[in-house]
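Note sheet for the following structure.
Each chain gets a letter, A, B and so on, in the order the sequences are listed, and its residues count up from 1.
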Amino acid sequence: MPRITLPDGSERRYEGSTTPAEVAADIGPGLAKSALGAIIDGTLSDLDTSIDADCALALVTAKTREGEPDANGLFLLRHSAAHVMAEAITNLFPGVQLVYGPPVEQGFYYDMAFPDGATISSEDFERIESEMKRIVKEDRPFTRYEMPAGPGLEKLREEGSKYKVDNAERAIEAGSTELSWYATGAPGTDWEDLCRGPHVPSTGRIGAFKVMNLASSYWHGDENSDRLTRVYGIAFADKKQLKRHLQLLEEAKKRDHRVLGKQLRLFHIDEQVGQGLVLWTPNGAVVRQQLQDFIGEELRKQGYDQVFTPHIGKLDLYRTSGHFPYYQESQYTPVIDRAQLHEFATEGCSCSDLANKMDEGEIDGYLLKPMNCPHHIRIYASEQRSYRDLPIRLAEFGTVYRWEQSGEIGGLTRVRGFTQDDAHLFCREDQIADEVRGCLSIVKLIFNTLGMTDYRVRVGTRDPDSSKYVGDPTNWDKAEEACRNAAQELGAPFSEEPGEAAFYGPKIDFVVKDVIGREWQLGTVQVDYNLPERFDLEYVGADNARHRPVMIHRAPFGSMERFVGVLIEHFAGAFPCWLAPEQVRVLPISDKSADYASEVLASLKTLGIRATVDDGSERIQAKVKVAADMKVPYLAVVGPRDAENREVSIRAFGVDRNLGSMDLDEFLRTVAAETETRGGTRLIDRFETTESSTAD
RNA sequence: GCCACCGUAGCUCAGUGGUAGAGCACACCCUUGGUAAGGGUGAGGUCACGGGUUCAAGUCCCGUCGGUGGCUCCA
């Protein structure tokens with residue numbers, strides 16, 4: 001006699017076994033109609049799962065009470081939609097082998113292997129969708145059936161589905177004694193798929209869906225294994241939600257830093273220069289420079305020393321650091337002495353001979369630096385260091401070059417040449433905790449100033465079962481503890497990921513999302529026991545003996561390229577006044593106010609404010625529109641009335657009206673103060689406004 | 001690197017094997033106006049590049065370069 005506890009605490013008793021569907025029907029016909037699945041003692045389950053014992057039960061519907069899509073409801077819908085899509089594709093493309101089709105954050109996908117010669121393209125999406133519509137319209141029930149592991153495997157082998165056999169074997173290895181299938185309709189006659197479930201009750205419950213795009217993937221994610229075709233789709237409970245989702249995607253496109261980068265002329269990537277090599281145009285250069293000034297100022301306050309180092313270094317340097325031998329495939333090919341190269345050529349040396357000689361150190365070329373640390377290390381090693389000198393903090397906006405795979409490059413977020421806000425701290429063991437904390441305090445300050453609160457922190461610690469790590473385990477424990485504590489103090493969501501430490505030390509990573517939901521690692525703080533060893537670094541201790549310092553690598557924003565890319569999307573291109581390429585645009589009403597306009601402009605420039613004047617012959621409406629398109633924070637409209645009173649009429653980006661006039665000197669002072677305080681005080685706060693963010 | 005799609009004016013994009021198009025931007029002229037585009041005229045093209053098929057290619061085929069989405073990778 002199961003006793004069922006509902007989320008509100010109420011209880012229901014049943015004679016013999018029951019199902020969530022029955023419970024839903026008992027609660028009300030509306031719920032019975034809208035229920036998609038159930039959570040039984042915390043496990044998401046089918047609506048017709050039989051309940052024989054006491055349990056806690058929550059029914060899952062497509063929407064929460066607030067009318068938002070329910071995460072579990074979406075999971076069920078999308079998982080089920082994946083089946084429907086797979087059936088549709090199987091019907092349309094005979095011979096397709098199914099691999100794996102889970103729901104994911106942005107919808108669902110199904111991996112499949114097409115028979116030799118067969119291909120699918122986005123032109124097929126419409127056909128697939130019509131076929132899916134047919135299946136949905138038939139409203140066939142998702143029917144689960146189970147078989148013991150042995151016969152189940154036998155069945156799959158007979159069907160010749162290599163990938164499904166593999167899936168089943170993995171499930172059995174993981175402890176399953178039974179395999180389950182879901183038929184869309186009647187087992188034996190209708191389409192079916194090996195699947196753990198759960199699913200919505202019937203295909204008709206999938207209210208709205210769309211096949212989104214195609215991609216390739218590898219079986220087991222292994223590039224040496226079979227290449228699979230992955231078809232992505234999205235599903236919602238109703239058409240309205242789907243429409244909203246597609247609209248949001250459109251909106252997101254407008255925030256895309258690649259789109260805004262062109263529109264606002266922030267940067268340019270040129271085919272003739274090279275893939276993944278960013279040209280910072282004047283507007284973007286302002287944003288970057290402002291950030292660098294900000295970061296640099298904070299670093300000086302925290303006792304960092306600025307250094308500059310060249311873009312290349314001897315190959316041997318990177319042999320010592322280990323970069324060249326271990327990460328060769330992600331570096332640009334070394335630059336080799338012309339005479340030496342010529343000599344080898346006349347000897348008839350082959351390319352592979354050359355590569356070998358390079359590996360073995362018989363050729364000493366130069367490498368475009370993949371990291372800044374070796375140069376900074378040589379600065380540390382250039383003088384005798386005492387324990388009293390530590391910590392030594394060497395900072396540089398250092399440009400590094402990495403040979404990223406061509407398919408991975410794009411926009412500002414993944415490039416081949418980038419400038420890190422890099423620094424290396426050389427310290428004593430007992431200073432690690434303080435130094436790590438110091439690194440994070442800069443991150444916190446800058447993220448707060450920019451209003452970037454939507455980031456998460458990963459703490460990578462070592463895998464206790466592995467022996468790949470260098471350094472003393474008790475020191476590791478201390479360093480990990482320092483990272484953990486510092487991350488916690490930061491106040492952002494953080495996760496500890498055992499096994500994610502580098503072999504040379506634990507690390508803290510900062511991760512943000514872009515407009516299309518992709519996560520990007522920005523900065524990192526890494527404790528390093530390895531490089532000081534490799535370079536035989538030392539300092540003289542209070543005991544007059546030589547000791548090994550510990551290094552901390554830290555680039556809290558990762559690279560200026562990626563960070564500015566993320567920042568463009570964060571602000572949707574509408575930078576706060578202190579960062580904006582153009583802070584103020586002066587708009588004369590007509591030629592009659594041209595003289596006053598140039599006077600205003602000159603005053604702004606004298607104060608170092610980035611300003612321009614729009615002295616075209618357009619009407620003021622057009623000038624306002626054009627300035628709004630460029631997302632200029634403040635517009636100073638000047639006409640005869642303003643000139644007479646030595647005032648300007650102010651308009652701010654995001655506020656769709658004239659804010660009124662202000663005394664010219666006061667305006668100048670206020671904008672200058674806003675710039676100086678990096679938004680600490682703002683001109684706009686002097687007006688009663690409700691800022692809208694949808695001004696474009 | 002792999003799979004799919006894409007590359008036409010400065011930008012955003014139409015274009016059915018048969019004369020290269022639009023809007024915006026740009027130049028010039030008219031308009032001198034008070035807060036999200038006044039009006040006119042004009043200039044602007046090796047249709048990414050290289051081959052091929054065809055009487056004829058922006059359009060079809062192959063290759064290269066570049067872009068987009070995903071996979072893999074990211075010290």
Legend entry - Rounded interatomic separation in angstrom, taking CD1 from I234(A) and C1' from rG70(B): 15 Å
Legend entry - M212(A) side, atom CE; Q106(A) side, atom CD - distance, nearest 0.5 Å: 8.5 Å
Inset, instruction - May I ask you to verify whether the side chain of Y218(A) and the base of rG1(B) hold a donor-acceptor pair under 3.5 Å? - result: yes
Inset, instruction - May I ask you to say what A215(A) touches in the nucleic acid, namely base, sugar-phosphate or nothing, with a heavy-atom cut-off under 4.0 Å? - result: base
Inset, instruction - Among the candidates rA75(B), rG1(B), rC11(B), find the nucleotide nearest to the side-chain atoms of K262(A). - result: rC11(B)
Inset, instruction - Measure distances between side-chain N and O atoms of R414(A) and base N and O atoms of rC73(B), and say whether any donor-acceptor pair falls under 3.5 Å. - result: yes
Inset, instruction - Both distances under 3.5 Å, Watson-Crick or G-U wobble: report the partner of rG66(B), or none. - result: rC6(B)
Legend entry - Geometric cation-pi criterion R127(A) and F93(A), 6.0 Å radius, 45° cone: yes
Inset, instruction - Report yes or no: is the cationic atom of R78(A) (NZ for Lys, CZ for Arg) closer than 6.0 Å to the six-membered ring centre of F236(A), at no more than 45° off its axis? - result: yes
Inset, instruction - Would you kindly check whether a donor in the side chain of S330(A) faces an acceptor in the base of rA75(B), or vice versa, at under 3.5 angstrom? - result: yes
Inset, instruction - Using the ring of Y109(A) (Phe, Tyr or Trp, six-membered ring only), decide whether R230(A) places NZ or CZ under 6.0 Å from its centre and within 45 degrees of its axis. - result: yes
Legend entry - For rA56(B), the Watson-Crick or wobble counterpart (both distances under 3.5 Å): none
Kindly give the atom pairs (protein nitrogen or oxygen, nucleotide nitrogen or oxygen) under 3.5 Å for nucleotides 64-67 of chain B.
residue, atom, partner, partner atom, Å
rG67(B), OP2, Q275(A), NE2, 2.5

Legend entry - Side-chain donor/acceptor of R230(A) to base of rC3(B), under 3.5 Å: no
Inset, instruction - Measure the distance from CG on L214(A) to P on rC3(B) and round it to the nearest whole Å. - result: 13 Å
Legend entry - Residue E105(A) excluded, over 12 heavy atoms near CD under 6.0 Å: no
Inset, instruction - Specify the separation, in whole Å, of atom CG of L264(A) and atom P of rU12(B). - result: 13 Å
Legend entry - Donor-acceptor pair, side chain of E404(A) and main chain of I409(A), under 3.5 angstrom: no
Legend entry - Who pairs with rC47(B) - Watson-Crick or G-U, where each distance is under 3.5 Å: none
Legend entry - Inter-nucleotide C1' distance (rA14(B), rG21(B)), Å rounded: 7 Å
Inset, instruction - Tell me the partner of rU19(B), counting only Watson-Crick (N1-N3 plus N6-O4 or O6-N4) or G-U wobble (N1-O2 and O6-N3) with both under 3.5 Å; none if nothing fits. - result: none
Legend entry - Pairwise P distance, rG63(B) and rG1(B) [rounded to whole Å]: 15 Å
Inset, instruction - With C1' as the reference atom in both, quote the distance from rA75(B) to rA36(B) in angstrom, rounded to an integer. - result: 49 Å
Inset, instruction - Could you encode protein contacts along nucleotides 27-35 of chain B as a string, one character per nucleotide from 5' to 3', using B for base contact, S for sugar-phosphate-only contact and - for no contact, with a heavy-atom cut-off of under 4.0 Å? - result: ---BBBBBB
Inset, instruction - Go through rC3(B), rA75(B), rA37(B) for me and flag the one nearest to the S216(A) side chain. - result: rC3(B)
Inset, instruction - Check every strand shown and say whether Y504(A) touches a base, only sugar-phosphate, or nothing at a heavy-atom separation below 4.0 Å. - result: sugar-phosphate
Legend entry - Within 6.0 angstrom of R265(A) CZ, more than 12 heavy atoms from elsewhere: no
Inset, instruction - Anything under 30° is parallel, anything over 60° is perpendicular, the rest tilted; go ahead and classify H553(A) against H424(A). - result: perpendicular
Legend entry - Heavy-atom donor-acceptor pair, D111(A) side chain to V99(A) backbone, under 3.5 Å: no
Inset, instruction - Remember a base hit wins even if backbone is also touched, and classify Y326(A) as base, sugar-phosphate or nothing at under 4.0 Å, heavy atoms. - result: nothing
Inset, instruction - Measure from the side-chain N and O atoms of S130(A) to the backbone N and O of E126(A), and report whether any donor-acceptor pair falls under 3.5 Å. - result: yes
